[in-house]
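Shown next, in structure tokens, is the structure this report addresses.
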2 protein chains.
Amino acid sequence: MAATNKVRFQAVEPVRAYQRVVEQVEQAMLTGALKPGERLPSERELMAQFGVSRSTVREALRVLESGGLVRSRPGDPHGPLVLPYSPAGLRKSMSRLAQLDQLSLAELLQFRIMLEGPAYLLAARMRTDEQLAEMDAALAAMEQASELAAFSEADLAFHDTIARASGNMLIVVCSQVVHGVVLDMIAGKLAQSPQPESVMAETLDHHRQALAAVRAGDGALAARLAREKLYEYYADHLSADEQTALKWLVSEA
Amino acid sequence: MAATNKVRFQAVEPVRAYQRVVEQVEQAMLTGALKPGERLPSERELMAQFGVSRSTVREALRVLESGGLVRSRPGDPHGPLVLPYSPAGLRKSMSRLAQLDQLSLAELLQFRIMLEGPAYLLAARMRTDEQLAEMDAALAAMEQASELAAFSEADLAFHDTIARASGNMLIVVCSQVVHGVVLDMIAGKLAQSPQPESVMAETLDHHRQALAAVRAGDGALAARLAREKLYEYYADHLSADEQTALKWLVSEA
DNA sequence: AGTAATTTGTACGTATGTATC
DNA sequence: TGATACATACGTACAAATTAC
């Protein structure tokens, strides 16, 4: 018996020409041979260098473009531009996950609590003075907002600043995505709230307290306030079981 | 003076033909009009329906394909296959950011702690008996593993079961992705560990304690154990500042 | 089993609008 | 302003692969 019983072969799928082009360009960007701000050769030159047709080059460029890695404009003699690395791709994938995987509001809120607690915790210790000023500005915008839309926008900016102050990019991206999806899910219900003013005033009060805790450097307090606020704000939209599970995260996390 | 001083115009960038095709297909998948396992029309039919050339259709298909949404094979008369959601895209974009130093190991570990704490917390209360049996099986596999690779694989299965027991799909997917990326980042360093046996034994012991807490329904204890374990396991790879920040999350979260 | 039909993968040519020099 | 090089989009053609009869 040949000594091949330990090796495991994997199913091999055909590698298309455009994929090899994409891989080479991606590799060049990963190794630093191609840096943001630099240019790729023109399509005609690429098709000469890779030895493929124009269609193949274009398919590869479209894939790179949709991934947020390059941007090509018609008529640009310098060739496609290599873009700086941004979490746009991460955000798109997260968005798809949140929207496509039929997530429940309860799951999204659980996740928001998991994100916001640590976000406040870290922000209370890591925040710069500029970020503190941004939070003040967002709070002021919320106070001055007369319409729900403007209020909601300022609220989003406030949370975004908190997330950025945590110094963790994953928290920033996930918070943006999850917050956005949650707003989409309850958009209808929130608009027909009986007393939008009282809700806004209450939210404002919670934010003031949390911001004060952040300013004082009391991360644990800020985190607890944030979790409780989130629960109170959204609990009405959940079933009794879901409320219970969410409560666990609020009190014990 | 015309009453146009309140409107804000945004810079408009050209929308390519292939982008509109991609958007329509993505939208159909998001709304559920196109479900996994179903087929897209053939390229020729697509080019008739969208009123664009085949090149454009193909560029759109390549983008969708690279995003893991569809798969097209040569000669398939049924057309491109609509794939079920996979976290591959999420993992790829996260890995890219990590490789490009836009995402530090410290951030990833922070995030893992944020995920695993609540995962254990929820799992301790929500787990079914079958999931508990799965955890036992994974633990047994870890005990029997002689090589690091098998041990690591069983460890991954253990954490995955915990995540699934939490009942939150976002936790499941994010845990898988982040865990995988962390393993990629420290793959080299871990292999040359001086005493892999002692590390494995220690990890095993931690897992036993955490599993016991889950079995007993003590979510708070399980979560604390998980956070501490994670810190002890990876702290060596972090700078002093990063260790301090991580410690905050371990103790106060 | 084998053949025919259809589809994808790739290549090449062309017209048009655009950005840069 | 004009000239040049570029990207966009369309159309055609042929080889390779797959399915169905």
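- Considering only residues two or more places apart in sequence or on other chains, A/E143 meets the salt bridge (charged side-chain N to carboxylate O under 4.0 Å, His left out) condition with A/R208.
- Across residues 52-66 of chain A, A/R54, A/R58, A/R62 each have a non-hydrogen atom less than 4.0 Å from an atom of DNA chain D (numbered order).
- Residues A/L69 and A/E26 are in side-chain contact: their nearest non-hydrogen atoms beyond the backbone lie under 4.5 Å apart.
- Once rounded to the nearest 0.5 Å, the distance linking CD of A/Q27 with CG of A/L34 reads 11.5 Å.
- A search for ring pair (Phe, Tyr, Trp, His ring centres under 6.0 Å) contacts involving A/F158 returns A/H207, not counting sequence neighbours.
- Annotation: side chain of B/L103 is not in contact with side chain of B/V181 (no heavy-atom distance under 4.5 Å).
- Under 3.5 Å, the side chains of A/Y18 and B/E65 contain a donor-acceptor pair of N or O atoms.
- Atoms CZ (A/R44) and C1' (C/dT14) sit 11 Å apart, rounded to a whole Å.
- Sorted by residue number, the members of residues 72-80 of chain A with any non-hydrogen atom under 4.0 Å from DNA chain C read A/R73, A/P74, A/G75, A/P77, A/H78.
- Residues from residues 16-29 of chain B placing a heavy atom under 4.0 Å of any atom in DNA chain C do not occur.
- More than 12 heavy atoms of other residues, nucleotides or ligands lie within 6.0 Å of CE in A/M169, so this atom counts as buried by the packing criterion.
- For DNA chain D, the contact window with chain A, defined by any atom under 4.0 Å from a protein heavy atom, covers D/dC6 to D/dT8 in 5' to 3' order.
- Shown are A/L64, A/L81, A/V63; of these, the side chain to side chain contact (heavy atoms under 4.5 Å, CB included) with A/V70 is made only by A/L64.
- Between the side chains of B/S104 and B/E107, at least one donor N or O lies within less than 3.5 Å of an accepting N or O.
- With no hydrogens or angles considered, no side-chain donor-acceptor pair links A/T56 and A/E59 at under 3.5 Å.
- Considering only heavy atoms from C-beta on, B/L170 stays 4.5 Å or farther from A/Q110 through its side chain.
- Across the protein-nucleic acid pair, A/E43 atom CD and C/dT18 atom C1' stand 14 Å apart, rounded to whole Å.
- Looking only at side-chain heavy atoms (C-beta outward), B/S72 and B/R62 come within less than 4.5 Å of each other.
- Defined by atom type and a distance below 3.5 Å, a donor-acceptor pair is missing between the side-chain atoms of A/Q131 and A/R164.
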